[in-house]
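First up is the structure itself, then whatever we jot down about it.
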Amino acid sequence: MTALDTDLAGTGPGATDAGAVDHDRAARSAARDLRITRIEAVPFAIPYVKPLKFASGEVRTAEHVLVRVHTHDGLVGVAEAPPRPFTYGETQASIIAVVEQVFAPQVLGLSSLAREQVHARLRRTVGNPTAKAALDMALWDIVGQAFGATVTELLGGHGTSMRVSHMLGFADPAAMVDEATRMSETYGISTFKVKVGRHPVELDVAVCRALREAFGDAVELYVDGNRGWTPSESARALRLMDDLDLTLAEELCPADDVLGRRWLVRQSRIPVVADESATTPGEVTRELLGGSADAISIKTARTGFTDSQRVLFQCEGMGVEVVMGNQIDGQLGTACTVAFGAAYASTSRRAGELSNFLDMSDDLLAEPLEISGGELAVREGPGLGLRIDEAKLARYRTDR
Ligand code: MUC
Ligand code: MG
């Protein structure tokens, strides 16, 4: 049994915080008691129909953690944490352990409205980005439910849907063209992020060339190297693909090669996007001011809604473009990404990476997400508007 089930009614550390008083008043004015009483961290495993392969790893099964935050009033906020050991060092077991043993004891009793107090406590622990992000997003879900608004409305309310970009994992050129064709014909998707970073670089150059030849200018293409190439290999690959009208080049070389990435940015004719090298607001500052990135990938799976806002506003203030990224999310994570991305003009300009759940054999939502006409709509809410299919959860959870 790994789900934490701790009852608490105003006796946690937050109950004595001076700042909590105001939030409790706000909660009462919404006729709700939004204090956190219980947090569940439930591991589940859902196989992929088609594994996703990329330079830093491969995903065959979605071994994620469902996070459910319960309030005194009976509201339940949900989100999912996708462990990415090759990117953040988190595993399913580490996420459950940190939520149950470190975070839950510190935040039980705090109001769901007091998100800055919650974050002050989570920040005492370094790392663990997807565990923190899932807790954060579940709290926003609760606040939306309490106020009868969607999370998108709470965040910014710009729109109600986003254009979808599909991520094409490693395969040979013909298979990748086939997949893009299927995505285009079935879902109306016309933006593709092509995974690159293989050796020799010609392998990936051939894929991008085949895609451009197959689709002409009917599609947007950009590339993501997941740190697979050195700076000089990256520069060479970009030169070889210079005529292919790629719009972005993401994380082509190792995150620690700061000078190498700066060298690459200076000569690249397309914006260089930071993903794994800019996973926190502080890293975003370092990358942008250091000149080793021109654009930022925002992933709600690692910065939740609260820190994704911080990253976005930083970027807006500095005149830097953003793209809504994908952490190989399931449907819950994808619903969170579109909830955030649709909330602002600057996150909606580009297509968001919202389609990887299509490669999964099943999911946990009672009403599955649907991509149509190349768009994914925000759920109507309130909050995130997500209902878990309990029979599916019982089938896929791995702790019983
Ligand atoms: C991406 O944008 O890189 C693959 C690895 C990871 O950390 O995220 C995915 C997608
Ligand atoms: Mg990436």
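Order of listing sets the numbers, starting from 1, for every ligand and every atom in it. Residue numbers run from 1 in the order of the sequence given.
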Query raised in the report: Which N, O or S atom name in Asp275 marks its closest approach to the Mg ion (ligand 2)?
Result: OD2
Requested in this report: For the residue pair Gln314 and Thr285, confirm or rule out a side-chain donor-acceptor distance under 3.5 Å.
Outcome: yes
Query raised in the report: N/O to N/O below 3.5 Å, does that happen between Ser56 and ligand 1?
Result: no
Requested in this report: Tell me, please, whether Tyr88 has Arg302 positioned over its six-membered ring: NZ or CZ under 6.0 Å from the ring centre and within 45 degrees of its axis?
Outcome: no
Query raised in the report: Is there side-chain contact between Asn226 and Glu276, with at least one heavy-atom pair below 4.5 Å?
Result: yes
Report summary line: Logged contact type for Asp275 with ligand 1, heavy-atom cut-off 4.0 Å, is side chain
Query raised in the report: If you measure every N/O of Arg84 against every N/O of ligand 1, is any gap under 3.5 Å?
Result: no
Query raised in the report: Is the number of heavy atoms from other residues, nucleotides or ligands under 6.0 Å of Lys53 NZ greater than 12?
Result: no
Query - Opening angle at the Mg ion (ligand 2) [OE2, Glu250; OD2, Asp224; to 10 degrees] - result: 90°
Requested in this report: Please say whether Thr87 places an N or O atom under 3.5 Å from an N or O atom belonging to ligand 1.
Outcome: yes
Report summary line: Ranked by distance from atom 3 (O) of ligand 1, the top protein heavy atom is Asn226 ND2, 2.7 Å
Report task. Inspect the contact between Glu287 and Arg261 and indicate whether a charged nitrogen and a carboxylate oxygen are less than 4.0 angstrom apart. Result -> yes
Report task. Using a strict cut-off of 4.0 Å, indicate which atoms of ligand 1 neighbour a heavy atom of Lys193. Result -> 1 (C), 2 (O)
**Report entry** Polar side chain donor-acceptor pair, Thr303 to Ser308, under 3.5 angstrom
**Finding:** yes
Requested in this report: Would you mind telling me if ligand 1 is within reach of the side chain of Lys195, the backbone, both or neither, using heavy atoms under 4.0 Å?
Outcome: side chain
Query raised in the report: So which heavy atom in the protein is nearest atom 6 (C) of ligand 1, and how far is it from that ligand atom?
Result: Gln327 NE2, 3.1 Å
Query - Shortest non-hydrogen separation from Val76 to Asp141 and the atoms involved - result: O-OD2, 3.9 Å
Query raised in the report: If you measure from the Lys or Arg side-chain nitrogens to the Asp or Glu carboxylate oxygens, is any gap between Asp242 and Arg239 under 4.0 Å?
Result: no
Query raised in the report: Between Tyr344 and Phe313, how do the two ring planes meet: parallel, tilted or perpendicular, split at 30° and 60°?
Result: perpendicular
**Report entry** Nitrogen or oxygen of Glu250 less than 3.5 angstrom from that of ligand 1
**Finding:** yes
Report task. Heavy-atom contacts with Phe54 under 4.0 Å: which atoms of ligand 1 show up? List them by number with element. Result -> 4 (C), 5 (C)
**Report entry** Atoms in ligand 1 with a heavy atom of Asn326 nearer than 4.0 Å
**Finding:** 1 (C), 2 (O), 8 (O), 9 (C), 10 (C)
Query raised in the report: With a 4.0 Å cut-off on heavy atoms, does Met167 reach ligand 1?
Result: yes
